[in-house]
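All chains are named by letter (A, B, ...) in the order of the sequence lines, taking the proteins before the strands, and each is independently numbered beginning at 1.
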Protein chains: 2
Amino acid sequence: MTPKPRVPNVLVRAQLVEAEDRFIASWGRMGSVWGISRTMAEVHALLYITGTEMCTDEIMSRLGVSRGNVSMSVRSLLEWGVIEKVRIAGDRKEYFQAEQDVWSMLRAIARERIKREVDPLLDVLDEIGELAPQASRNSPKDVKELQARIEAVRDGFGVITTLSHKFAGPRGAGLQTAAKLLARAPIGRTKKHTPKRTGGTR
Amino acid sequence: MTPKPRVPNVLVRAQLVEAEDRFIASWGRMGSVWGISRTMAEVHALLYITGTEMCTDEIMSRLGVSRGNVSMSVRSLLEWGVIEKVRIAGDRKEYFQAEQDVWSMLRAIARERIKREVDPLLDVLDEIGELAPQASRNSPKDVKELQARIEAVRDGFGVITTLSHKFAGPRGAGLQTAAKLLARAPIGRTKKHTPKRTGGTR
DNA sequence: TTGAGATTTCAGTTAATCGTGAAATAAAGT
DNA sequence: ACTTTATTTCACGATTAACTGAAATCTCAA
């Protein structure tokens with residue numbers, strides 16, 4: 001049926017696998033920067049980029065990591081809600097597949113990071129605000145200033161958190177809509193910032 | 001002049017220092033989560049929360065870290081644009097003080113993180129997209145899918161990057177305006193019920 | 001209930017990161 | 001030019017986080 005491909009299939013396949021590997025590698029490196037373990041990011045990348053459901057052993061051999069490591073990574077990814085378990089009839093193994101919608105995936109990532117990064121800071125800020133000497137009419141200047149600074153940070157992150165909860169919630173087109181909305185809105189100077197990015201990979 | 005304070009000054013001062021220390025500690029912990037070295041975050045926190053210009057030795061003794069460490073941290077913070085050098089007449093030492101505007105500070109942090117986290121990924125994605133077997137009419141299905149997935153991720157991050165450049169640029173009220181704008185905008189379903197999240201920490 | 005296969009746990013190891021301190025360099029005063 | 005004081009650099013050691021592998025636990029079919 002199909003006319004003979006111009007490039008031998010084995011070659012195409014090799015390129016394909018290489019592209020996948022590169023994607024996996026850079027997503028993994030990204031993970032480190034984000035404070036996510038490299039393997040966890042790699043497992044996710046693998047499942048996303050291949051789109052296939054895979055079992056523990058397949059993941060192990062493809063990424064060359066240990067069983068325990070895969071187990072823990074997969075568990076975290078399930079908690080994040082970016083992959084899910086799949087049962088295959090007549091097979092006792094568990095298979096996993098990645099959420100395929102990018103925005104949903106990005107929202108999940110954003111949500112999880114906010115939870116881990118911003119929320120705890122807010123808690124501490126509240127606590128410190130109460131603990132610190134209360135500013136009153138005749139407090140020394142520095143006490144007033146301290147309170148003011150704590151409150152300023154608290155408010156800043158407060159706004160950010162509110163927004164995130166609104167826009168990165170698990171369901172709804174939050175992030176995507178926000179992105180479009182913002183992309184349109186004319187803020188301050190409308191300088192059409194240099195496109196700039198000519199792939200300079202450092 | 002001032003009427004006798006109800007609380008001895010030494011005590012107020014101790015509380016003040018403790019509040020500062022707590023702020024510094026949690027900002028520092030935050031730093032680790034962000035892939036910023038703990039000390040760098042602590043130095044920044046110290047300069048921000050005290051609002052005072054400080055020299056290397058003062059920072060060293062207050063945080064209990066080495067000279068070299070302070071030197072490197074301060075340098076990074078200068079690059080990030082969140083602190084600046086201050087010269088004090090008749091003193092050979094360099095003093096440093098932190099940007100006091102929270103939004104400007106938050107923008108700087110966002111900007112720097114995007115630069116380190118998102119931009120490199122985009123570069124790689126572009127590269128992979130070109131490198132991978134090109135999808136054509138008679139490509140096998142998986143090649144087409146691979147290209148589609150790469151493009152989807154690329155586009156998602158592309159939107160995010162564009163936004164960030166627009167809103168987290170070094171000058172202008174970008175982030176702040178965006179925040180207000182979004183906080184107001186009705187996104188998707190205008191389902192008004194369940195206030196639901198009671199500022200609940202965590 | 002048993003057991004083969006699948007998954008999870010975790011103590012020990014390895015890898016990556018961070019911080020130190022002293023030596024090298026730079027800057028300012030005499 | 002020389003001395004003094006401040007700053008930066010960097011090889012090394014310390015600290016922390018990640019990963020391994022094998023034992024323990026779980027699951028399901030018979």
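Nucleotide D:dC19 holds its C1' atom 13 Å from the CG atom of A:L63, rounded to whole Å. One interatomic measurement links the two molecules: CZ of B:F96 to P of D:dT7, which rounds to 6 Å at whole-angstrom precision. Taking atom CZ of A:R67 as the reference point, atom P of D:dA18 lies 22 Å away to the nearest angstrom. Taking atom CD of residue B:E94 and atom C1' of nucleotide D:dT8, one finds them 11 Å apart after rounding to whole Å. Whole-Å rounding puts the A:M54 CE to C:dA6 P distance at 16 Å. Between B:D91 atom CG and D:dT4 atom P there is a gap of 19 Å when expressed in whole angstrom units. Distance A:I36 CD1 to D:dA17 P: 16 Å, rounded to the nearest Å. Nucleotide C:dT8 holds its C1' atom 16 Å from the CZ atom of A:R92, rounded to whole Å.
For A:T39, no side-chain nitrogen or oxygen approaches OP1 or OP2 of D:dA18 to under 4.0 Å. Contact between the side-chain N/O atoms of B:S37 and the OP1/OP2 oxygens of C:dG19 is found at a separation under 4.0 Å. Between A:S66 and D:dC19 there is no side-chain N or O to OP1 or OP2 distance below 4.0 Å.
Electrostatic pairing of A:R149 and A:E145 counts as a salt bridge here, judged by a charged N lying under 4.0 Å from a carboxylate O. Remark: A:R154 does not engage A:E151 in a salt bridge, criterion side-chain N to carboxylate O under 4.0 Å. Using a 4.0 Å cut-off between charged side-chain N and carboxylate O, A:R38 and A:E42 make a salt bridge. Salt-bridge annotation for B:E20 and B:R62: present, with a side-chain N of the basic residue lying under 4.0 Å from a carboxylate O of the acidic one.
Closest to the side chain of A:V65, out of D:dA6, D:dT20, C:dT7, is D:dT20. Relative to the side chain of B:M72, the nucleotides C:dC10, D:dC10, D:dT27 differ in distance, and D:dC10 lies closest. Side-chain proximity of B:T56 to the nucleotides D:dA6, D:dT7, D:dT27 is greatest for D:dT7.
Atoms OG1 and NZ, from A:T56 and A:K93 in turn, are 9.0 Å apart once rounded to the nearest 0.5 Å.
Residues A:N69 and B:D57 each lie close to DNA chain D; by heavy-atom proximity, the contact nearer the 5' end of the strand is made by B:D57. Nearer the 5' end of DNA chain C, as judged by each residue's closest nucleotide, is the contact made by A:V74, out of A:V74 and A:R38.
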